[in-house]
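Quick note: numbers below take in every heavy atom, side chains included, and nothing from hydrogens, waters or symmetry partners. Residue numbering restarts at 1 for every chain, and letters A, B, ... go by the order of the sequence lines. Here the structure is a predicted model, which means the values were calculated and not measured.
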Number of protein chains: 2
Amino acid sequence: MTDAPMTIREMCAAFDVTPRTLRFYETKELLTPERVGQRRLYGKRDRARLTLILRGKRFGLSLEDIRQLLDLYARDSVNEAQMRRACELGRARLAQMQAQRAELDEAIAELTTELAWGEGQLARLARAAE
Amino acid sequence: MTDAPMTIREMCAAFDVTPRTLRFYETKELLTPERVGQRRLYGKRDRARLTLILRGKRFGLSLEDIRQLLDLYARDSVNEAQMRRACELGRARLAQMQAQRAELDEAIAELTTELAWGEGQLARLARAAE
DNA sequence: AGGCTGGTTGACGTGCACGTCAAGGAAACG
DNA sequence: CGTTTCCTTGACGTGCACGTCAACCAGCCT
């Protein structure tokens, strides 16, 4: 069952993070696992959120940035003002991501060029060594 | 002349960073401005490097990561082993960037979907309010 | 000479994202 | 029953990327 709740250890293994990290995210209200007695149980929702959190981090977003974005995905924004705000934030972030994508493309192109030059040099050195 | 050296203030204005940042990058050997007396003068090379540094940061790279990459762009790697190492690093980073690009595309698609849903909800609320 | 502006080197402080113990609870095992 | 194992909550420590402040030149202006 992919929707069976997971213990903290299973989460750590599945997502390659430490228990400390998961508890830390909880204090920052990024995750809200159920409790059985004192122990945490992470359900489908929290696993989806953690996926988004880790991806956000790879893009260089701060945890606070991510928290704001998660509100948009939460789709439980009760009142309209809150939802309007989440949408605005989402649009801004989307624009930013598209800009980042353009930059990333440029960086990839440049690095490819440099790499071709570098490997050309290596090839030249190899020939000269004979 | 676009290749005229710039003072630290001009650099700060041009790249929107603080003097502290530029001096900090220098201690980390990311920048190596000339000196006129005690004052720093940033030439074409350092400006190009700073552009790459700031872009790297937007991708979530650490300054140490960036320093390694800059070595590849430096193209003054004197010995072969060093250059071979730089190329390997570059290839690894390139693969990582391409993976990040794929992830970014996915994130953009998801966010677009969520946003459409959110704005649809807002529109529905607006109609219901009439 | 005095003062202002702008730059310089330390040294220490700060916010973020955790890491690393310490002390204790609860459940499971022999 | 005790012990082991896993989890819990603080509390303090750490590395990175700077911010902030102090004290000190070096020109330039008047």
Can you tell me how far [atom2] of [N] sits from [atom1] of [X], to the nearest Å?
{"X": "B:Leu61", "N": "D:dG15", "atom1": "CG", "atom2": "C1'", "answer": "17 Å"}
{"X": "B:Leu30", "N": "D:dC16", "atom1": "CG", "atom2": "P", "answer": "13 Å"}
{"X": "B:Ile53", "N": "D:dC16", "atom1": "CD1", "atom2": "P", "answer": "17 Å"}
{"X": "A:Glu64", "N": "C:dG15", "atom1": "CD", "atom2": "C1'", "answer": "13 Å"}
{"X": "B:Leu22", "N": "C:dG6", "atom1": "CG", "atom2": "P", "answer": "17 Å"}
{"X": "B:Ile8", "N": "C:dT5", "atom1": "CD1", "atom2": "C1'", "answer": "15 Å"}
{"X": "A:Met6", "N": "D:dC6", "atom1": "CE", "atom2": "C1'", "answer": "16 Å"}
{"X": "A:Glu10", "N": "D:dC7", "atom1": "CD", "atom2": "C1'", "answer": "13 Å"}

Hey, does B:Ile108 have a side-chain heavy atom less than 4.5 Å from the side chain of A:Arg101?
->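 In short, these two side chains touch, coming nearer than 4.5 Å.
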
In a table with atom names and distances, give each donor-acceptor pair under 3.5 Å that connects a side chain of residues 48-64 of chain B to protein atoms at least two apart or in another chain.
from	atom 1	to	atom 2	distance (Å)
B:Arg49	NE	B:Leu30	O	2.9
B:Arg49	NH2	B:Leu30	O	3.3
B:Thr51	OG1	B:Arg47	O	3.0
B:Arg55	NH2	A:Glu110	OE1	3.0
B:Arg55	NH2	A:Glu110	OE2	3.4
B:Arg58	NE	A:Glu103	OE1	3.1
B:Arg58	NE	A:Glu103	OE2	3.1
B:Arg58	NH2	A:Glu103	OE2	2.5
B:Ser62	OG	B:Glu64	N	3.4
B:Ser62	OG	B:Asp65	N	3.1
B:Ser62	OG	B:Asp65	OD2	3.4
B:Glu64	OE1	B:Arg67	NE	3.3
B:Glu64	OE2	B:Arg67	NH2	3.1
B:Glu64	OE2	B:Gln68	NE2	2.7

Within the side chain of B:Asp71, is there an N or O that forms a donor-acceptor pair under 3.5 Å with the backbone of B:Ala86?
->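 Not a single qualifying donor-acceptor pair exists.
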
Could you tell me whether a side-chain N or O of A:Asp3 sits under 3.5 Å from a main-chain N or O of A:Gly43, the two making a donor and an acceptor?
->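 Answer holds: no.
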
Is there a side-chain contact between [X] and the phosphate of [N], meaning an N or O under 4.0 Å from OP1 or OP2?
{"X": "B:Arg67", "N": "D:dA17", "result": "no"}
{"X": "A:Tyr25", "N": "C:dC18", "result": "yes"}
{"X": "B:Lys28", "N": "D:dC16", "result": "no"}
{"X": "B:Arg9", "N": "C:dT8", "result": "no"}
{"X": "B:Arg23", "N": "C:dT8", "result": "yes"}

Determine, stepwise, if the pair A:Arg85 / A:Gln82 fulfils side-chain hydrogen bond (donor to acceptor under 3.5 Å, both in side chains).
-> CA-CA 5 Å; A:Arg85 165 128 185 75; A:Gln82 187 178 341; over 6 Å; no

Of A:Arg93, A:Gln100, A:Gln98, which is the lone residue that meets side chain to side chain donor-acceptor pair (under 3.5 Å) with A:Gln96?
->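 The single option meeting the side chain to side chain donor-acceptor pair (under 3.5 Å) with A:Gln96 is A:Arg93.
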
Any idea which of D:dT8, C:dA17, D:dA17 is nearest the B:Ser62 side chain?
->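 Among the listed nucleotides, the one closest to the side chain of B:Ser62 is D:dA17.
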
Give the nucleotide from the list D:dT8, C:dA17, C:dT9 with an atom nearest to the side chain of A:Phe24.
->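 Nearest to the side chain of A:Phe24 among the choices is C:dA17.
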
Minimum-distance pair of heavy atoms, taken over all atoms of B:Cys12 and B:Leu22 =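 Heavy atoms of B:Cys12 and B:Leu22 come nearest at SG-CD1, 3.9 Å.
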
Contact pattern, 5' to 3', of nucleotides 19-27 of chain D - B, S or - by protein heavy atom under 4.0 Å = BB-------

Nearest-nucleotide 5' precedence on DNA chain C, B:Leu41 against A:Lys57 |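 It is B:Leu41, whose closest nucleotide lies nearer the 5' terminus.
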
